Each structure stands twice: as C-alpha cells, then as structure tokens.
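What follows is one structure encoded as structure tokens, with my remarks underneath.
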Amino acid sequence: MAKLSVEDLVVAYGSVVAVRNVSFEVEDGEFVSLLGPSGCGKTTTLRCIAGLEGSSGGTIRIGGEVVAADGRDVPPEKRGINMVFQSYAVWPHMTVFENVAYGLRTRREPAADIKRKADEALAIVGLGGYADRYGTELSGGQQQRVALARAVVTSPRLLLFDEPLSNLDAGLRDRMRFELVDLQRRLGQTSLYVTHDQSEAMLMSDRIILMRNGEMVQAGSPRDLYDRPMSRFAAEFIGNANILDTVVVRASDDGGALVALADGTTIEARFPWPDRRRTSGPVSACIRAENIEQVSADDGTNNVFDAEVMSVAFLGSTVTCQLRVGVTTLRAELPARRPPSVGERIRIRIEPDAVVLVADH
Ligand SMILES: Nc1ncnc2c1ncn2[C@@H]1O[C@H](COP(=O)(O)OP(=O)(O)OP(=O)(O)O)[C@@H](O)[C@H]1O
Ligand SMILES: [Mg+2]
C-alpha cells in the first residue's frame with residue numbers, strides 16, 4: 001500500500017490537451033474516484049498513473065517514489081500497481097485458479113506460496129469453490145470477481161479501476177459496488193476508481209475528484225460535493241438539482257443572501273463558499289428536488305411559495321412532481337403517502353440553507 005500523488009499532470013495528443021494541470025493525492029488506504037462526463041480525461045489520467053500512457057508534463061509519485069516526471073517513466077510492471085478494466089480480460093483457456101495465480105508465477109514465487117495466496121484471494125472475492133472452472137464457464141459477475149482476485153493477489157501498492165462494473169446488469173452492478181468497497185476496506189488498498197456514474201462515485205468513495213474538459217473542477221467528500229457545489233456544472237452533475245438564473249438583491253457577511261428570479265420573485269439563499277460570494281450580479285441558485293417540502297399554511301417563515309402541480313409521477317417511496325411557481329418550473333420530490341394531484345394548487349417551502357448559490361463568471 002502506498003500514497004499516490006499526482007502533480008500538475010498534463011497529457012496532450014498533438015493539439016488536443018486531454019489532461020490539463022491535474023493535481024491530487026490519494027492517501028494510503030483511501031478510495032478516491034475520478035468522476036466526470038465522457039471524454040473529460042479520466043481514463044487518460046489513470047493510464048498515465050499505470051504507466052500505459054506517457055505524460056507531457058507533471059510528476060507522479062507512488063509511495064514517495066517518482067514514477068513519471070520530465071519524460072522519465074518507470075515501466076508499468078515496475079510501478080507496483082494493478083488495474084481492473086471494464087472488460088474483465090479473464091483468460092478463457094485458463095482455470096480460475098490459473099488466472100489468479102498468473103501474476104505470482106511470473107514473479108517466480110514458490111509453489112506453496114502461490115497456492116496459498118491464490119486460494120486466499122479467491123476466498124476473499126467469494127469464489128472459493130470455483131478454482132477449477134474455466135473462464136468461459138463463468139457469469140459476467142463471476143468473471144469480474146476473478147479480475148478482482150487477480151488484481152489483489154499480488155498485494156499491489158495501488159489499485160486502479162476503470163469503470164469495472166459498467167458491463168454488468170443493474171442488479172449485479174449494485175451488489176458489486178458494495179462488495180468492492182467492502183473488499184477494499186478489508187484489504188486497506190489504496191484505490192483510484194474511474195466512473196462517469198455519479199451515484200456509483202457517491203456510494204463508493206471516501207473522496208471524489210470531479211473533472212471536466214481535462215481539468216479538475218472540485219474535489220471533496222461525496223457529502224461536500226453534494227451540499228457545497230462550487231459551480232453550476234458540479235451542481236448539475238452530482239445529484240438532480242433545479243438550477244435557476246437569479247440576480248443578487250442583497251448579501252450579508254455570513255453567506256446569506258436574497259436573490260430574485262426574472263419575474264421578481266425573491267428567494268432566501270446562501271453562498272456555501274466564503275471566497276465565492278457575490279454582492280450583486282447574476283448567480284445560479286441550485287435547489288435539490290428533495291429539499292422542496294409541501295406545507296399546509298403560510299407559517300410566516302421565509303421561502304414559502306404558491307405552486308401549481310403540473311405533473312406527478314410515482315417512484316415508490318416518493319413522487320416526483322413538476323411544479324409551476326410564477327414562470328419557473330421546479331422538480332420536487334415529495335413523500336408518496338399523500339401525493340398532490342395534477343392541477344392542484346399547493347404551498348411549498350424551501351429551507352434558505354437548501355438554496356445554494358454558485359457564480360460561474
Ligand atoms: N490516443 C488518443 N489520441 C488522441 N486523442 C485521445 C486519445 N485518447 C484519448 N483522447 C482524447 O482525450 C480526451 C480524454 O479521453 P479519455 O479517454 O481520458 O476520457 P474519459 O473521461 O475516460 O471518457 P469516457 O467516460 O468516455 O471513458 C478525449 O477528448 C479523447 O478523445
Ligand atoms: Mg474512460
């Protein structure tokens with residue numbers, strides 16, 4: 001196990017800059033995700049760390065050792081890392097045991113050690129009884145577990161994952177997310193995980209690094225990214241937010257502010273980041289659908305609005321509604337016990353702390 005440190009990483013393909021001055025660290029034993037839309041540079045960053053891609057600038061350290069800097073690259077097999085890909089790459093002509101033992105054999109470890117370590121790794125991923133099966137005799141989920149066992153068996157300093165669960169069906173993917181995190185916690189493996197799926201990143205990670213167009217836009221715990229987005233992009237990408245164009249009417253020193261919609265409706269809100277406050281001008285107000293509550297009467301608190309129910313869709317524990325407030329449409333998630341009906345006029349309240357202001361300009 002070891003700490004990973006990436007400093008000012010730049011990767012250019014001719015005139016295309018795929019990764020631009022990306023810097024982050026993954027602490028010993030930590031699980032960190034690189035999250036962002038397709039083409040934002042996640043795989044490229046991961047491949048540079050693995051040594052499968054050369055960088056144009058920056059420094060990569062694993063366990064304090066420089067593995068890439070100024071065109072000096074330590075070859076992949078000398079970096080002490082293992083990688084799990086989207087395609088399981090389980091060798092079909094080998095048994096499960098041989099698939100897992102392969103990395104140990106290439107290191108010429110004693111036969112007894114190979115047997116013990118491969119058996120342990122198979123037990124860890126729940127494939128103890130499958131050692132003699134061939135790669136072709138396994139389901140997708142089992143193949144992915146073989147790939148995991150193969151990755152952990154050599155006790156690498158760092159585990160890298162590139163969308164390893166995206167070929168699995170929804171149910172199995174959901175189960176494997178929990179299993180993988182559980183495995184990672186038990187082994188205490190330093191892990192960097194690439195995904196474009198925000199709920200996957202939220203569920204699995206100690207910290208998330210959000211990327212866009214080759215750049216890092218925000219890093220923090222899942223909670224932090226959800227509650228305190230730094231940009232409109234972050235608010236839109238993590239969770240489902242209503243994003244409203246507003247202008248600042250007044251702002252106070254504690255981060256509280258009053259903002260107005262185009263039709264003059266005012267909303268109490270807050271700036272989550274002290275260094276990103278505005279005292280005037282346009283800002284985006286982000287309101288999570290689940291932070292809109294239905295209230296029975298105007299109780300004199302702030303941020304109570306009249307709304308017309310435009311649509312109601314049943315989701316199980318909640319209903320998702322389109323609400324018209326003045327000229328603005330809001331998506332709200334309300335409890336399914338007493339859902340409103342289409343056409344009904346209701347009253348809603350939004351906690352001022354739940355109206356998060358971000359300024360992108
Ligand atoms: N070998 C290459 N030559 C030229 N451009 C490349 C090459 N590999 C990647 N790119 C470009 O670099 C950018 C980043 O690609 P990358 O594969 O890192 O994205 P990603 O975030 O992993 O996306 P996805 O979620 O689709 O896998 C993209 O614009 C891509 O087209
Ligand atoms: Mg990718």
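Counting starts at 1 for both ligands and their atoms, in listed order. In this chain, residues are counted from 1 in sequence order. Source: prediction; values computed, not measured.
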So for ligand 1, is [X] a polar contact partner (N or O within less than 3.5 Å, distance only)?
X	answer
T44	yes
G39	yes
A18	no

Please determine if E308 and R324 form a salt bridge, counting it only when a charged side-chain N lies under 4.0 Å from a carboxylate O.
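Looking at E308 and R324, the cut-off is not met.
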
Lys/Arg-Asp/Glu bridge criterion (N-O < 4.0 Å) met for D113, R107
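Judged by the 4.0 Å cut-off on N to carboxylate O distance, D113 and R107 do not form a salt bridge.
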
Verify atom 2 (C) of ligand 1: protein non-hydrogen atom under 4.0 angstrom away:
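Given the 4.0 Å cut-off, atom 2 (C) of ligand 1 counts as touching protein heavy atoms.
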
Is atom 31 (O) of ligand 1 in close reach of the protein, with a heavy atom under 4.0 Å away?
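So atom 31 (O) of ligand 1 lacks protein heavy-atom neighbours under 4.0 Å.
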
Residue that, paired with M216, satisfies side chain to side chain contact (heavy atoms under 4.5 Å, CB included) out of V22, T45, L210
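Checked V22, T45, L210 against M216; only one passes side chain to side chain contact (heavy atoms under 4.5 Å, CB included): V22.
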
Donor-acceptor pair, [X] side chain versus [Y] backbone, under 3.5 Å?
X	Y	value
S231	A234	yes
D162	V194	no
R79	V74	yes
K42	P37	yes
T246	V283	yes

Can you list, by chain and residue number, the protein N, O or S atoms under 2.8 Å from the Mg ion (ligand 2)?
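Those protein N, O or S atoms (cut-off: under 2.8 Å from the Mg ion (ligand 2)) are T43 OG1.
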
Give a yes/no on ligand 1: does G36 have at least one heavy atom closer than 4.0 angstrom to it?
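Heavy atoms of G36 never come under 4.0 Å of ligand 1.
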
Can you tell me the protein heavy atom closest to [atom] and the distance?
atom	result
atom 5 (N) of ligand 1	Y13 CD1, 3.2 Å
atom 25 (O) of ligand 1	K42 NZ, 2.8 Å
atom 26 (O) of ligand 1	S38 OG, 2.5 Å

Is it the case that the side chains of E137 and Y130 hold a donor-acceptor pair, with the cut-off being a distance below 3.5 Å and no angle test?
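There is no such pair between these side chains.
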
The single option from K117, K115, R116 passing side-chain hydrogen bond (donor to acceptor under 3.5 Å, both in side chains) against D119
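Between D119 and the candidates, side-chain hydrogen bond (donor to acceptor under 3.5 Å, both in side chains) is satisfied uniquely by K115.
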
Would you be so kind as to tabulate the donor-acceptor pairs closer than 3.5 Å made by side chains of residues 270-277, with sequence neighbours excluded?
{"residue": "R270", "atom": "NE", "partner": "D353", "partner atom": "O", "Å": "2.5"}
{"residue": "R270", "atom": "NH2", "partner": "D227", "partner atom": "O", "Å": "3.3"}
{"residue": "R270", "atom": "NH2", "partner": "D353", "partner atom": "O", "Å": "3.2"}
{"residue": "W273", "atom": "NE1", "partner": "R228", "partner atom": "O", "Å": "2.8"}
{"residue": "R276", "atom": "NH1", "partner": "M230", "partner atom": "O", "Å": "3.2"}
{"residue": "R277", "atom": "NH1", "partner": "D253", "partner atom": "O", "Å": "2.7"}

What atoms in ligand 1 come closer than 4.0 Å to a heavy atom of T43?
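What qualifies from ligand 1 is 17 (O), 18 (O), 20 (P), 22 (O), 27 (O).
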
